[in-house]
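Keep in mind that the numbers below use all heavy atoms, side chains included, and drop hydrogens, waters and symmetry copies.
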Amino acid sequence: MFGVNIIPGLYADQKASLSEACNRVLYSGPQNVAYEKDGSAYRSVYDLDKEDRYFMELLHGQRVKSVFRQYFKRSFFVHQYKLNPKYPTVGRGWSWHQDSWFMLNNKLSNQEFPLQHNINCFHLAIAVDSCEKHNGLLKFILGSHLAGVYLHESVCGSFSINEKTLDTMLKRLDIFSPELAAGDAVLFHCDLVHSSDENGSAGHRRMVYLSAYDSDCATPVPHRHTSLARPPREEDQIDT
């Protein structure tokens, strides 16, 4: 109903491994990245399964599959797999937006979701570090996914929901800002309006994002998106 669920301790036993894998990726010179305004700090690192074996194994592990199987009737595919490192002091926040808007308005995504305005997609966000008020909490507008996709507009080089629409929304819906321990996870619908604050702390606020969608609502792009429907292989098992 609200569009977001907290999964406490989903990867609590993997905290050290998650952190080490993130460090390997960040210091290895990853290939597919977006930068912060300073031009050197990474804002997002994409295709994590291609950057480090740990993330490939996590992607095909049973925990990820069991989470998503609750929401998809048939096979499902990974749309995006990324790390948002949110560096100390330079890690900017994200304005209020819906990921579904970007999925529908991105040229690559249009191969996948042609004229599709009912995307059954969920995001699993795994906290690598504790997420607290001072280091850039995720914020969700509860129930905002029920009205579908809102119009977004460009503001200072990034896209966000129209300010008037946002004001109207906030008069009737509540904001939820969960504090998370390392290893906790958040599952939320791609239509859910969300944002995050900047990192004002002296440490990273790293979060891994896995986005998966129901194969009934889209056409997977060959060689780009990974199916999570196949039976697990022995070498994929880093968790049970």
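Annotation: side chain of Leu124 is in contact with side chain of Leu10 (closest heavy-atom distance under 4.5 Å). Residues Arg205 and Ser196 are in side-chain contact: their nearest non-hydrogen atoms beyond the backbone lie under 4.5 Å apart. A heavy-atom distance below 4.5 Å is found between the side chains of His123 and Cys190. Between Trp96 and Ile175 the shortest side-chain heavy-atom distance falls below 4.5 Å. For the pair Tyr54/Gln14, a side-chain contact is recorded, criterion being any heavy-atom separation below 4.5 Å from C-beta on.
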Any chance you could lay out the ring-ring contact (aromatic ring centres under 6.0 Å, His included) test for Phe176 and Phe2, step after step, and finish with the verdict?
CA-CA 10 Å; Phe176 175 50; Phe2 294 118; 8.8 Å; no
Apply the test side-chain contact (heavy atoms from CB on, under 4.5 Å) to residues His189 and Phe122: give CA-CA distance (whole Å), side-chain angles for both, the deciding distance (0.1 Å), then the verdict.
CA-CA 4 Å; His189 195 275; Phe122 286 86; 3.6 Å; yes
Given the rule in the side-chain contact (heavy atoms from CB on, under 4.5 Å) test, do Leu26 and Tyr87 qualify, once you have shown the distances and angles that lead to the verdict?
CA-CA 11 Å; Leu26 292 173; Tyr87 284 78; 3.9 Å; yes
Test Phe140 against His145 for side-chain contact (heavy atoms from CB on, under 4.5 Å), laying out the working first.
CA-CA 10 Å; Phe140 304 95; His145 64 301; over 6 Å; no
Go through Val4 and Leu138 one step at a time and tell me if the side-chain contact (heavy atoms from CB on, under 4.5 Å) criterion holds.
CA-CA 11 Å; Val4 58; Leu138 278 170; over 6 Å; no
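The hydrophobic cluster containing Leu142 also contains Leu180, counting ILVMFWY residues as joined when their side-chain heavy atoms lie under 4.5 angstrom apart, directly or transitively. Cluster annotation: Leu83 and Leu59 are assigned to the same hydrophobic cluster (Ile/Leu/Val/Met/Phe/Trp/Tyr, side-chain heavy-atom contacts under 4.5 Å, transitive). No continuous path of ILVMFWY side-chain contacts below 4.5 Å connects Leu137 to Val208, so the two sit in separate hydrophobic clusters. Tracing side-chain contacts under 4.5 Å through hydrophobic residues (I, L, V, M, F, W, Y), one reaches Leu210 starting from Phe55; they form part of the same cluster.
Taking each heavy atom of Trp94 and Ser195 in turn, the nearest pair found is O-CB, 3.0 Å. Scanning all heavy atoms of the two residues, the minimum distance from Ala182 to Lys15 falls at O-CD, 3.2 Å. Among all heavy-atom pairs drawn from Tyr42 and Gly29, the shortest one is OH-CA, 3.9 Å. Residues Ile161 and Leu166 share a closest heavy-atom pair of CG2-N, 4.1 Å. Here the shortest heavy-atom pairing between Gly93 and Lys86 reads CA-NZ, 4.1 Å. Closest non-hydrogen pair, Ser201 versus Pro88, comes out as O-CB, 3.5 Å.
Between the CG atom in Asp52 and the CG atom in Asp47 there is a gap of 13.5 Å [rounded to 0.5 Å]. Atom OG1 of residue Thr165 and atom CG of residue Leu170 lie 11.0 Å apart, to the nearest 0.5 angstrom. For the atom pair CD of Glu57 and OG of Ser17, the computed distance is 10.0 Å after rounding to the nearest 0.5 Å. Distance SG/Cys121 to CZ/Phe188: 9.0 Å, rounded to 0.5 Å. Going from atom CG of Asp13 over to atom CZ of Arg63 covers 4.5 Å, rounded to the nearest 0.5 Å. For the atom pair CZ (Arg92) and CG (Asp38), the distance works out to 9.0 Å, reported to the nearest 0.5 Å.
In this structure, Tyr46 has no ring pair (Phe, Tyr, Trp, His ring centres under 6.0 Å) partners at least two apart in sequence or on a different chain.
Asp99 and Tyr209 form no side-chain donor-acceptor contact under 3.5 Å, judged by distance and modelled atom types alone. Using a 3.5 Å distance cut-off with no hydrogens or angles, the side chains of Glu51 and Tyr81 do not pair a donor with an acceptor.
For NZ of Lys139, the number of neighbouring non-hydrogen atoms (other residues, nucleotides, ligands) closer than 6.0 Å is greater than 12. Within a 6.0 Å radius of CD in Glu163, no more than 12 heavy atoms belonging to other residues, nucleotides or ligands are found.
Counting only distance, with no hydrogens or angles, the side chain of Asp49 and the backbone of His60 share no donor-acceptor pair below 3.5 Å. Formation of a donor-acceptor pair under 3.5 Å by the Ser28 side chain with backbone atoms of Val25 is found in this model.
The aromatic rings of His97 and His194 are tilted relative to each other, their planes meeting at an angle between 30° and 60°.
None of Asn84, Asp129, Asn199 except one satisfies the side-chain hydrogen bond (donor to acceptor under 3.5 Å, both in side chains) rule with Arg206; the exception is Asp129.
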